[in-house]
Every structure is written in C-alpha cells, then in structure tokens.
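This is a predicted model, so every value here is computed, not measured. Proteins get letters first, then strands, A, B, ... in listed order; numbering begins at 1 in each.
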There are 2 protein chains.
Amino acid sequence: MKEFVPVLKRTKLFSGVGEDDIGVMLSCLGARLLFFKKGEYVLRQGEHLSDILVLAEGSLHIQKDDYWGNRSILGHIGIGEIFGEAYAAPESGMLLNDVIALENSSVFFFDVKRIITTCSSACRFHTLVVQNLFFAISEKNRSLVQKLDYMSRRTTREKLLSYLSEVAKKQNSPYITIPFNRQQLADYLSVDRSAMSNELCKMRDEGLLEFEKNRFKLL
Amino acid sequence: MKEFVPVLKRTKLFSGVGEDDIGVMLSCLGARLLFFKKGEYVLRQGEHLSDILVLAEGSLHIQKDDYWGNRSILGHIGIGEIFGEAYAAPESGMLLNDVIALENSSVFFFDVKRIITTCSSACRFHTLVVQNLFFAISEKNRSLVQKLDYMSRRTTREKLLSYLSEVAKKQNSPYITIPFNRQQLADYLSVDRSAMSNELCKMRDEGLLEFEKNRFKLL
DNA sequence: ACAAGTCGGTTGTATTTACAACAGAAAGGA
DNA sequence: TCCTTTCTGTTGTAAATACAACCGACTTGT
C-alpha cells in the first residue's frame with residue numbers, strides 16, 4: 001500500500017499533505033487497497049457504498065447499461081481521481097452506475113465516516129483532508145454541470161464541438177487526446193456512433209479539426 | 001434575518017442544529033440576507049463566487065442562454081435549498097450559469113471560507129454544519145447524475161418518462177406537480193417545446209399518463 | 001501466419017426532432 | 001370589461017438522428 005503514497009500525494013484529496021503524514025493517515029483512515037483485473041466491476045449499479053474511492057493505478061469508466069444493451073458512459077476516471085464520493089453519504093440511495101476497470105487497476109477505499117469525523121489523535125492534516133474533499137466534490141459537481149452542457153446541445157456536431165473545445169481548454173492546447181474510442185465517445189455524448197463518425201469526417205472536410213484515432217487537433 | 005431561522009432549521013445545511021444555535025451561527029458565519037425581485041438575476045454567468053447560498057423565500061431557476069436566445073434550464077431551486085456551493089471553492093472558475101428569481105425571493109449568503117474553517121469560539125455545531133454541507137453537495141451531485149440520466153435518453157418520450165417517474169419516486173405518489181411550465185420543461189429536458197407537447201398528448205392518448213397544466217398523474 | 005475479433009468509416013432508409021406558424025384558452029393589466 | 005400577453009396544443013415541412021448492414025484496416029491470440 002505504501003508504494004502508492006507518491007500517487008496519493010498528487011491527488012486532490014491529499015493535496016498539501018506530506019508523504020510521511022499520508023502514510024500515517026492511511027492507517028488512521030483505515031484505508032484498504034483493492035486490485036481489479038481489466039474488465040472487472042469495481043462497483044455495481046444497485047450496491048450501497050460507504051467509502052470514498054481513489055484510483056491508484058489503471059483507468060476506469062463510470063457507465064450504465066440498460067435492458068436493451070444500450071450503454072451510457074458518465075465519465076472516465078484517471079489515476080489520482082476520486083470517485084464514489086456522492087454515494088458515500090449515509091442517506092444516499094444505491095449506486096446508479098457501474099464502475100468498470102478498463103485495464104488492471106488498483107483502488108483505495110476510504111471509509112467516509114472516518115474522513116468526515118475528525119479524530120483527536122495524530123492526524124494533524126485531517127481538517128485539511130476534509131476541506132480537500134469538499135473542493136474535490138465541488139470540482140466533480142462542476143464537471144457534471146459541464147457535461148450537462150454538452151448533453152443539452154441539440155445536434156451531434158454541437159455536442160462534439162463543445163466537448164472537444166472544453167477538453168482543449170482543460171489541456172490548454174489545440175492538440176488533445178481523449179480517453180475514449182469512437183463507440184465510447186458516442187456513448188459518452190449519447191449519440192449514434194455511425195452518425196457521429198460521419199459528422200466528425202464532415203467537420204474534418206470543412207477544416208474544423210483533424211484527428212487520428214483518439215488524438216484530435218482543433219483548428 | 002432572524003425571521004428566517006425556522007426556515008434555515010429545516011434545511012440540509014442546518015439539519016440537527018437548534019434555532020438558538022442557528023441564530024448564533026448567523027453572525028459567526030457572517031451571513032448576509034439579500035432580497036431579489038421577480039425576474040432579477042441572483043447570480044450571473046461569468047461572475048466569481050465565494051459564498052454558499054440558501055434560498056429563504058421564493059423560487060429560482062438555474063439556467064443559461066446562448067447567443068441565439070436558446071435557453072437551457074439546469075434546475076429549479078425551492079425554499080431551503082442550497083446552491084452555488086460548487087463554485088464557492090477557491091480554485092473554481094467562473095459561474096457557468098445564471099440564477100434568476102422566478103418570484104420575489106430572499107437569499108442567504110454564507111462565506112464558504114468561514115464555513116469550512118472551523119472557528120474556535122462558541123459554534124458547537126460548526127463541525128456538524130461542515131458535514132451537512134458535504135452531504136448536501138453529495139446530494140446535489142447525485143441529482144446532477146440523475147439529470148444526466150434523463151438527458152442521455154435518445155427520444156423525447158424517454159426523457160419525459162424518466163423525468164416524470166423520477167419525480168413521482170421522489171414525491172412518493174403518482175400524482176405529481178412539477179416546477180415548470182411546458183416551455184420550461186422543454187428547456188430543462190433540452191427538447192423542442194412543440195414536439196414535447198405533441199408527445200405528451202400522444203402519451204395521454206395511449207393511457208400512459210394524465211395531466212393538467214403542471215400537474216401530472218402517472219398510470 | 002492465420003483466424004477471429006475490434007475499430008472506424010460509409011451508405012441508405014425509417015424514425016424522430018427541430019422549426020415555424022397558427023389558433024384557442026387562460027391569465028394579467030388597465 | 002376589454003385588450004394584451006402568455007401558455008398550450010396542432011400541423012406540415014425540413015433537417016437531423018437512429019438503426020442496420022457492410023467493408024477494409026488493424027489487433028490480438030494461437
């Protein structure tokens with residue numbers, strides 16, 4: 001577990017906490033580290049959760065499949081990102097989405113009660129972590145609003161442009177790499193893959209952008 | 001300001017705190033109470049925010065208008081609800097949406113720094129309020145995910161059904177009242193009003209539901 | 001190297017939606 | 001009360017999307 005302390009140090013949750021202190025907090029917070037093989041479910045729709053999760057290694061998708069096999073991708077989780085935090089609250093109902101490992105992944109589980117209940121002992125940084133948690137959830141909240149903004153666009157083209165330009169803004173470069181292949185991007189934006197593929201090519205022909213696989217250049 | 005203490009007592013933010021203690025905390029937290037006339041902007045897109053807001057009186061819409069006048073409604077705020085919390089974090093950028101008063105409204109402003117920075121003085125319940133804030137943001141987060149679920153549906157009918165049945169689940173009754181008129185509901189679900197109106201009538205003719213104005217009965 | 005599977009692009013058709021325009025009912029103001 | 005405005009439903013047409021089917025390029029595993 002200690003091997004991932006440098007990873008944790010760079011996360012929003014432990015921002016401002018030194019590596020030594022993180023090591024102490026791991027036991028103070030009762031952290032557990034679980035490993036998931038590619039394709040395995042980290043969390044399943046309908047489950048109850050009382051932990052906040054941090055991805056230490058690998059990558060994940062938060063997604064949902066309906067009875068007819070239609071998939072909807074809510075988001076992508078990269079190394080160091082927090083997830084599950086919205087469902088860790090005691091009165092929160094069950095999970096609405098699955099979380100699935102895209103590759104072999106390691107995940108930290110922190111019992112939410114032990115985070116928000118400040119312990120009186122050695123954890124000097126406990127208060128800081130609670131604040132960090134607040135900021136992290138705020139940020140997640142904003143990114144959900146951002147996604148609602150993509151999704152509220154009426155046409156596939158508008159959805160693509162608003163998504164891609166937002167990614168470019170975040171990565172601060174017109175050259176962007178997205179964590180989705182075509183089918184996944186379509187599931188993320190809730191559009192038809194073939195129509196989206198078609199639209200992307202039209203936009204390329206019109207000189208709006210260039211792409212190759214999951215790398216795009218906005219013009 | 002004191003007149004709204006009973007309202008605050010019933011909010012998520014002050015859950016578990018007695019009225020007397022709320023009175024003390026109002027000054028401890030440096031609360032401000034602002035009044036807005038019907039139609040006025042409470043917050044504007046592009047502004048920066050360092051407060052968490054609680055609606056004491058009236059009702060609000062969180063919405064966004066683009067250059068062509070197309071409106072997108074993110075959500076409705078009722079009495080006692082918290083808003084703005086996602087943008088109060090120091091590193092959060094500017095607001096992505098407007099907040100507008102649907103009727104004459106009163107809004108509490110709480111400086112977020114004074115909430116998350118526990119004061120050493122009299123506020124016995126400060127820690128509780130921080131936890132409440134965490135749960136409130138979690139809940140907001142879940143409702144955003146819920147909205148993304150409506151929005152990910154491909155057809156107007158599916159959007160309507162998923163939204164209305166979710167409201168029925170929340171209100172725990174097949175008779176529901178929604179805080180939107182037709183145009184607002186269309187802006188909330190990001191569909192065309194006339195097409196939606198058409199679809200609603202088809203669904204009524206098929207016996208799926210009944211409605212009159214903003215009151216619906218699911219069958 | 002081969003076979004099987006995945007991925008991205010293309011096309012045609014049926015379905016669905018957006019848009020515009022209009023009309024009756026209801027609500028609000030003078 | 002009358003007039004104006006808002007709200008809701010209706011219709012027709014143009015545009016966009018979903019769906020299915022197919023192909024070639026590329027990957028993966030044996």
Side-chain angles (χ1 to χ4, degrees), chain A residues 37-39 61 66-73 100 102-104 150-164 177-206 208-216, chain B residues 37-39 61 66-73 100 102-104 150-164 177-206 208-216:
Chain A
K37 287 208 183 109
K38 176 178 178 174
H61 269 181
D66 69 15
Y67 309 103
W68 299 273
N70 302 312
R71 174 164 294 174
S72 175
I73 297 180
I100 197 164
L102 297 175
E103 48 190 317
N104 292 343
Y150 313 145
M151 305 275 292
S152 70
R153 309 305 172 103
R154 304 302 173 83
T155 65
T156 301
R157 173 175 296 221
E158 284 178 315
K159 288 181 186 175
L160 281 167
L161 281 177
S162 60
Y163 169 67
L164 292 174
T177 303
I178 64 174
F180 303 119
N181 64 28
R182 291 290 181 280
Q183 182 63 60
Q184 291 168 341
L185 180 57
D187 291 339
Y188 180 73
L189 296 176
S190 290
V191 296
D192 180 70
R193 180 195 62 79
S194 66
M196 187 191 76
S197 190
N198 204 317
E199 198 65 33
L200 274 173
C201 292
K202 275 191 212 164
M203 288 160 73
R204 181 189 52 200
D205 296 344
E206 294 174 22
L208 286 174
L209 47 76
E210 292 171 5
F211 56 86
E212 200 240 320
K213 301 217 177 184
N214 64 336
R215 301 175 53 79
F216 293 76
Chain B
K37 288 211 183 103
K38 176 177 178 176
H61 270 181
D66 69 16
Y67 309 104
W68 299 273
N70 302 312
R71 174 163 295 175
S72 174
I73 297 180
I100 197 164
L102 297 176
E103 49 190 317
N104 291 344
Y150 313 145
M151 305 274 293
S152 70
R153 309 305 171 103
R154 304 302 173 84
T155 65
T156 301
R157 172 175 297 221
E158 285 178 315
K159 288 181 186 175
L160 281 167
L161 281 176
S162 60
Y163 169 66
L164 292 173
T177 302
I178 65 173
F180 302 120
N181 64 29
R182 293 289 182 279
Q183 182 63 61
Q184 291 168 341
L185 180 57
D187 291 339
Y188 180 72
L189 296 177
S190 289
V191 296
D192 180 70
R193 182 195 60 78
S194 65
M196 187 192 77
S197 191
N198 204 318
E199 198 65 33
L200 274 173
C201 292
K202 276 192 211 163
M203 289 159 73
R204 180 189 53 199
D205 296 343
E206 293 174 24
L208 285 173
L209 46 76
E210 293 170 6
F211 55 86
E212 201 241 318
K213 303 218 175 179
N214 64 334
R215 302 175 51 79
F216 293 76

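- Atom P of nucleotide dT17(D) and atom CD of Glu199(A) are separated by 6 Å, given to the nearest angstrom.
- In this structure, Lys202(A) places its NZ atom 12 Å from P of dA15(D), rounding to the nearest Å.
- At the heavy-atom level, Ser194(B) lies under 4.0 Å from base atoms of the strands shown.
- Taking every side-chain heavy atom of Asn198(B) into account, dT11(D) is the closest of dT11(D), dT17(D), dT8(D).
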Review point. Are Met151(A) and Ser190(A) close enough, and set up right, to give a side-chain contact (heavy atoms from CB on, under 4.5 Å), and what steps lead you there?
Key: CA-CA 8 Å; Met151(A) 305 275 292; Ser190(A) 290; 3.5 Å; yes
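- In the set dA18(C), dG9(C), dT11(D), dA18(C) carries the atom at the smallest distance from any side-chain atom of Ala195(B).
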Practice item. Check the pair Ile178(A), Tyr163(A) against side-chain contact (heavy atoms from CB on, under 4.5 Å), reporting the backbone distance first and the verdict last. Key: CA-CA 10 Å; Ile178(A) 64 174; Tyr163(A) 169 67; 3.8 Å; yes
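- Looking at the side chain of Asn181(B), the nearest of the listed nucleotides dA18(C), dC7(D), dG9(D) is dC7(D).
- Across all strands shown, Ser197(A) has heavy atoms under 4.0 Å from base atoms, whether or not it also approaches the sugar-phosphate.
- A sub-4.0 Å separation between OP1 or OP2 of dT17(C) and a side-chain N or O of Arg154(A) is absent.
- Between the side chain of Arg71(B) and the backbone N or O of Tyr188(B) there is no donor-acceptor pair closer than 3.5 Å.
- Dashed line: the shortest gap from a side-chain N or O of Lys213(B) to OP1 or OP2 of dA27(C) is under 4.0 Å.
- The distance between atom CE of Met196(A) and atom P of dT11(C), rounded to the nearest whole Å, is 17 Å.
- DNA chain D is contacted by both Lys159(A) and Asn214(B); Asn214(B) maps to the nucleotide lying nearer its 5′ end (nearest heavy atom per residue).
- Comparing Arg193(B) and Leu200(A) by the nucleotide of DNA chain C that holds the closest heavy atom to each, the one mapping nearer the 5' end is Leu200(A).
- Rounded to a whole Å, the CD atom of Glu103(B) is 17 Å from the C1' atom of dG28(C).
- Rounded to a whole Å, the CH2 atom of Trp68(B) is 16 Å from the C1' atom of dA18(C).
- Among the nucleotides dA18(C), dG9(D), dT16(C), the one closest to any side-chain atom of Thr155(B) is dT16(C).
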Exercise for review: Decide yes or no on side-chain contact (heavy atoms from CB on, under 4.5 Å) for Leu208(B) and Arg157(B), but give the supporting numbers first.
Suggested key: CA-CA 11 Å; Leu208(B) 285 173; Arg157(B) 172 175 297 221; 3.6 Å; yes
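- Rounding to whole angstrom units, CZ of residue Arg182(B) and C1' of dT10(D) are separated by 14 Å.
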Practice item. Before giving the answer on ring pair (Phe, Tyr, Trp, His ring centres under 6.0 Å), spell out for Phe180(B) and His61(B) the whole-Å C-alpha distance, their side-chain angles and the decisive distance to 0.1 Å. Key: CA-CA 10 Å; Phe180(B) 302 120; His61(B) 270 181; 5.3 Å; yes
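- With rounding to whole Å, Leu161(A) atom CG is found 14 Å from dA16(D) atom P.
- Atom pair Arg153(B):CZ and dT17(C):C1' shows a separation of 18 Å (rounding to whole Å applied).
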